[in-house]
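Scroll down for the structure; my scribbles are underneath it.
Chain naming here is simple, since letters A, B, ... match the order of the sequence lines and numbering starts at 1 in each.
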Amino acid sequence: MKRTHHCNELRPAHAGQTVILDGWVHSRRDLGGLLFIDLRDREGRTQTMCDPTVLPAEMFDRASRLHSESVVRITGRVRVRPEGTTNTRIATGEIEVIVDHLEVLNDAAVLPFSIDDPEIANKVNEELRLQYRYLDLRRPEMAKNLRTRSKVAIAIRSFMDGEGFLEVETPTLFKSTPEGAREFLVPNRREPGTFYALPQSPQQFKQILMVSGVERYFQLARCYRDEDLRADRQPEFTQVDIEMSFIDREDIYALIEGLLKTVWKTALGMDIPAPFKRISFYEALNRWGIDKPDTRFGMELVDFTEEFRTSSFKVFSGAVGAGGVVKAINAKGLAGATQGQIETMTEYAKSFGAKGLAFIKVENGEWKSPIVKFFTPAEKEALTAKLAIQEGDLILFAADQWLTACEILGKIRLYCAEVLKGQGKLTIDPMRFDFLWVVDFPLLSYDKEMNRWYSSHHPFTAPVAEDIPLLKEDPKRVRGQHYDIVVNGVELGGGSIRIHQPDVQKTIFEEILAIPPDETRLRFGYMLEAFRFGAPPHGGIALGFDRLIAILCGTTSIRDVIAFPKTAKGTCLMTDSPGPAAPRQLRDLHIEVKAAPAKA
RNA sequence: GGGGGUGUAGCUCAAUUGGUUAGAGCGCUGCCCUGUCACGGCAGAGGUUACGGGUUCGAGCCCCGCCACUCCCGCCA
């Protein structure tokens, strides 16, 4: 006999029925003569009761010795709980099952950490959770994250299908394209010294699919990057990869806004307003000091370049004289910042090349600052007015070239927000989502050390049409048809309209990026070749699927939404990978290992 | 590659800042308990203080090294 119901199903209406439930022993409360077992499966919990006058003695005895997380099958009769004993905290709390037969399907050993109490389980060391991931995933929070991930993946597929997209799988054995992220290499047994590479993204294949006439492609694509990890970066991750033909940027915006509306509705039952706000890269840097601004709180950057152009404070007037700017933010209520916090912020400033960080603490009606003695009344007035300075504020300055000054204050703004959150002076509604498009990125950036231009995003990004004449005369002013989708300060994805004319692509590769022609041919020859045979105008986008799910689940670590994630060193604590290879495997692959693994 | 944090019982944390036998809650084991749902009560077991050195009369605590986990910078076209 198989189970008749799951553990989140029985209600008072089922009273009197005999049911079979399968599940894990979530908790056991032994009152001596009476024994309660909360049975849990992935749907929920049901209280079962062992009564010695109903349950045969040997089964009762067995039940009293069950460890947590043992797997059992219970047969019993549903009844409404006696007056005053309902549990309003679980959905099945009005009923209980009187056990008349107990079958132990599998005993569980004593657990390395308890998973029945969320308060305790949430604090368990992540190392231990990853080692026993199968136990960690039994926790309702984690199970809920997995479910959200599945629901959203299916909603995305369904939405894209409705929009006429084909899901096409692209190879994960690709070739090395040594620009961009470091790649994982896969040795080729058939030809010594040659390698596949795992793709950083299906970028080139999806563009080829446009040449193939697919017109609308998407894929939940696994991607690989052999770079150092972060809370929001894993060596293998999933992206929602999209490409369309015969479209412009507006089509992408509309598609993604529709997709995200569907996703938010599916996962959170929320209606998010669209269209999303659009800001330029310049505005993002200028107002928030970052190209993925979190606009859920203020503390925007304010410009004082003109006010301090002729200031007697040489650090400021000197920066302006050198073509730079003076900018400031007001960290409201942070005048009580500790020496350590000021130091952390100063370190940020220094990491961008600043000599220090100027600040003003407004305490007891007084401006406490090493630099305030240089300020004229007019300068002070301007600060007070434009920054709305009040008692308890902390004003922080950056005087440098525009980009540097913006980036410094952008970092400090985020740091201040974290400190203020910790002090309870800044609260953000966890159900608030500020979506925005960041557009008009520069197509090219300059590498001073290498003395050459490189693509801000990737070399297939099309320039804004009216800027094409500038490509050769003033590359830095060329805007790319690139767009990023940002939510709450998280870069959710990015994409662009691509170059579809082989001559423009060739110009970018060889004249702008200065890649030698033979290298271009070696690395991208097949693309340029494909583009000769009727490449439609096309563009696309990729969304970080793990980050998307993390945002929906209210966590900042994508490890919480990936079933089996890697540690910061790229290892799997459960399977102990990566590990050594057998000599025979290495021989087959024509590989000789020079440095032996540190551990035996 | 660099910087910060953490590591004490199965788990979560203490240990008066270098001083007697390293404690508590939960879990575990045993006994008691017929309305619990964080059940309750009594008793008990459980420690190479991550690891290796050093300083000291004496180290969980200080110093050096090392390992693991974690956060950040670099990196992530």
Partner nucleotide, any strand, of [N] [Watson-Crick/G-U, under 3.5 Å]:
| N | result |
| --- | --- |
| B/G60 | none |
| B/G40 | B/C32 |
| B/C66 | none |
| B/G10 | B/C26 |

Please list residues of residues 513-526 of chain A whose heavy atoms come under 4.0 Å from any atom in RNA chain B, ordered by number; otherwise none. none
Please measure how far the [atom1] atom in [N] lies from the corresponding atom in [M], and state the result in whole Å.
| N | M | atom1 | answer |
| --- | --- | --- | --- |
| B/U70 | B/G60 | P | 29 Å |
| B/U49 | B/C62 | P | 16 Å |
| B/A9 | B/G5 | C1' | 24 Å |
| B/C69 | B/C64 | P | 23 Å |
| B/C67 | B/G53 | C1' | 15 Å |
| B/C66 | B/G4 | P | 14 Å |
| B/A50 | B/C63 | P | 15 Å |

For a quick test of reading the model: is some side-chain N or O of [X] closer than 4.0 Å to OP1 or OP2 of [N]?
| X | N | result |
| --- | --- | --- |
| A/Arg28 | B/U36 | no |
| A/Arg29 | B/U36 | no |
| A/His26 | B/U36 | no |
| A/Lys350 | B/C73 | no |

Grab the [atom1]-[atom2] distance between [X] and [N] for me, whole Å please.
| X | N | atom1 | atom2 | result |
| --- | --- | --- | --- | --- |
| A/Asp116 | B/U36 | CG | P | 19 Å |
| A/Leu31 | B/C39 | CG | P | 10 Å |
| A/Ile290 | B/C73 | CD1 | P | 9 Å |
| A/Asn122 | B/A38 | CG | P | 16 Å |
| A/Leu135 | B/C11 | CG | P | 13 Å |
| A/Tyr454 | B/C75 | OH | C1' | 12 Å |
| A/Lys123 | B/U6 | NZ | P | 17 Å |
| A/Leu111 | B/C11 | CG | P | 12 Å |

State whether a side-chain donor-acceptor pair under 3.5 Å links [X] with [Y].
| X | Y | answer |
| --- | --- | --- |
| A/Arg29 | A/Gln47 | yes |
| A/Asp440 | A/Tyr483 | no |
| A/Asn122 | A/Arg139 | yes |
| A/Gln131 | A/Glu127 | no |

Heavy atoms only, 4.0 Å cut-off, all strands: where does [X] land among base, sugar-phosphate and nothing?
| X | result |
| --- | --- |
| A/Leu128 | sugar-phosphate |
| A/Glu83 | nothing |
| A/Pro82 | base |
| A/Glu347 | nothing |
| A/Arg225 | sugar-phosphate |
| A/Arg182 | nothing |

N/O contacts under 3.5 Å, protein versus nucleotides 68-70 of chain B?
residue : atom : partner  : partner atom : Å
B/A68   : OP2  : A/Lys569 : NZ           : 3.1
B/A68   : O2'  : A/Glu127 : OE2          : 2.5
B/C69   : OP1  : A/Thr567 : OG1          : 3.2
B/C69   : OP1  : A/Thr571 : OG1          : 3.1
B/C69   : O4'  : A/Glu127 : OE1          : 3.2
B/U70   : OP2  : A/Ala568 : N            : 2.6
B/U70   : O3'  : A/Arg559 : NH2          : 3.3

Upstream residue (5' side of RNA chain B) when A/His67 and A/Asp30 are each assigned their closest nucleotide: A/His67
The answer to which of A/Ser68 and A/Arg230 contacts RNA chain B further toward the 5' end, by nearest nucleotide, is A/Ser68
Salt bridge [X]-[Y], side-chain N to carboxylate O under 4.0 Å:
| X | Y | answer |
| --- | --- | --- |
| A/Lys421 | A/Glu418 | yes |
| A/Asp107 | A/Arg65 | no |
| A/Arg133 | A/Asp136 | yes |
| A/Arg79 | A/Glu96 | yes |
| A/Glu69 | A/Arg138 | yes |

The side chain to side chain contact (heavy atoms under 4.5 Å, CB included) partner of A/Thr48 among A/Ile74, A/Asp38, A/Val78 is A/Ile74
Establish whether the base of B/U36 is bridged to the side chain of A/Arg81 by a donor-acceptor pair shorter than 3.5 Å. yes
Please state whether the base of B/G74 and the side chain of A/Glu227 form at least one donor-acceptor pair under 3.5 Å? no
Tell me whether the ring of A/Phe36 lies stacked over the B/U36 base, given a 5.5 Å limit on centroids and a 30° limit on the plane angle. yes
Based on the glycosidic angle (syn within 90° of 0, else anti), state the conformation of B/U20. anti
Examine A/Arg413 relative to A/Phe297 and say whether NZ or CZ is less than 6.0 Å from the centre of the six-membered ring and inside a 45° cone about the ring axis. yes
Is a side-chain donor or acceptor of A/Arg182 paired with a backbone partner of A/Asp226 at a separation under 3.5 angstrom? yes
